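The structure appears below as C-alpha cells.
This one's a predicted model, so the numbers in the text were calculated from it and none came from an experiment. Indexing begins at 1, ligand by ligand and atom by atom, following the structure's order.
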Amino acid sequence: MKVNDHLQTTNARIYAAGDICMKWKFTHAADAAARIVIQNALFLGRKKLSALTVPWCTYTDPEIAHVGLSEREARERGVALDSFIKRMSEVDRAIADGETEGFVKVHARKGSAHSLRACSAS
Ligand SMILES: Cc1cc2nc3c(=O)[nH]c(=O)nc-3n(C[C@H](O)[C@H](O)[C@H](O)COP(=O)(O)OP(=O)(O)OC[C@H]3O[C@@H](n4cnc5c(N)ncnc54)[C@H](O)[C@@H]3O)c2cc1C
C-alpha cells in the first residue's frame, strides 16, 4: 500500500502504518508509525515518517548496529563526510569487559565534528 510522508493513503482521510506500507518491517517501526498516524489522524498533526531516526541491530557476534545515514546514503545525497574509527581494542571499558573485537565508525558532515576529531585522535 502506498502512503505519503504523513502516512496518508491515496484517500487523504485513510491512514496506514506498519508492514503494509513501510520498507522497515519491524515491530517497533510499526509502533512508531502508528503513533504518527494517531497524531495526524486524530489531533491534526503533521508528523512525518521521514523524521524518524530508525536504529537497527543485527545479532551476529560481534553485533552490527547502525543509526542515521549510512556512508553510501550520504554519498548518494552529495553530503561530504569526515569519518572516524575507534577500535574497541582502544576503549578502556571494552578492554575491561574483554570485548575488544570490532570498532565504532562515526560519520559527520565535513568540518562539523571538532570534538569527534579530538576524541578519535586520543
Ligand atoms: C516469523 C516472524 C518473525 C519476526 N521477528 C521479528 C523480530 O524479531 N523483531 C521485529 O521487530 N519484527 C519481527 N517481525 C516483524 C513484525 O512481526 C512485524 O513487522 C509487525 O508485526 C508489523 O506490525 P503490523 O501491525 O504492521 O502488522 P501485523 O502485526 O501483521 O498486524 C496486522 C493485523 O491485521 C489483521 N488483519 C489482516 N487483515 C485484516 C482484515 N481484512 N481485517 C481485519 N484485520 C486484519 C491481522 O490479523 C493482524 O492481526 C517478525 C515477523 C515474522 C513473520
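Those atoms of ligand 1 that come under 4.0 Å of a heavy atom in Gly18, given as number and element, are 26 (O).
With hydrogens left out, the protein atom closest to atom 25 (O) of ligand 1 is Ala30 CB, 4.4 Å, a heavy atom. What sits closest to atom 30 (O) of ligand 1 on the protein, heavy atoms only, is Asp19 OD2, 5.0 Å. Protein heavy atom closest to atom 14 (N) of ligand 1, with residue, atom name and distance, is Lys25 O, 4.4 Å.
At least one protein heavy atom sits closer than 4.0 Å to atom 19 (O) of ligand 1. Within a 4.0 Å radius of atom 3 (C) of ligand 1, the protein contributes no non-hydrogen atoms. Checking atom 27 (O) of ligand 1 against the protein gives no heavy-atom contact under 4.0 Å. By the definition of a contact as any protein heavy atom under 4.0 Å away, atom 38 (N) of ligand 1 is not in contact. Protein heavy atoms are found inside the 4.0 Å sphere centred on atom 16 (C) of ligand 1. In this structure, atom 53 (C) of ligand 1 has its sub-4.0 angstrom surroundings free of protein heavy atoms. Protein heavy atoms are found less than 4.0 angstrom from atom 22 (C) of ligand 1. The protein reaches atom 12 (N) of ligand 1 closely, with a heavy atom under 4.0 angstrom from it.
Taking distance alone, with nitrogen or oxygen atoms compared against 3.5 Å, Thr27 approaches ligand 1 more closely than that limit.
Closest of all the heavy-atom pairs between Gly18 and Ala30 is CA-CB, 3.7 Å. Looking at every heavy atom in both residues, Glu90 comes nearest to Ile95 through C-CD1, 4.4 Å. Here the closest heavy-atom approach between residue Tyr15 and residue Val37 is recorded as CB-CG1, 3.6 Å. In plain terms, the two heavy atoms of Glu63 and Tyr59 that are nearest each other are CG-CD2, 4.1 Å. Contact record, Gly68 with Glu73: O-OE1, 4.2 Å, taken as the closest heavy-atom pair. Leu52 and Ala32 get closest at one heavy-atom pair: CD1-CB, 3.9 Å.
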* Asked: Checking side chain to side chain contact (heavy atoms under 4.5 Å, CB included) for the pair Trp24/Leu49: CA distance, chi angles, key distance, verdict?
  -> CA-CA 11 Å; Trp24 308 297; Leu49 185 66; 4.3 Å; yes
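When each of Gln39, Lys48, Arg46, Lys47 is checked for a side-chain hydrogen bond (donor to acceptor under 3.5 Å, both in side chains) with His6, only Arg46 meets the rule.
Two residues are said to be in side-chain contact when any heavy atoms from C-beta on lie closer than 4.5 Å; Leu69 and His107 fail this criterion.
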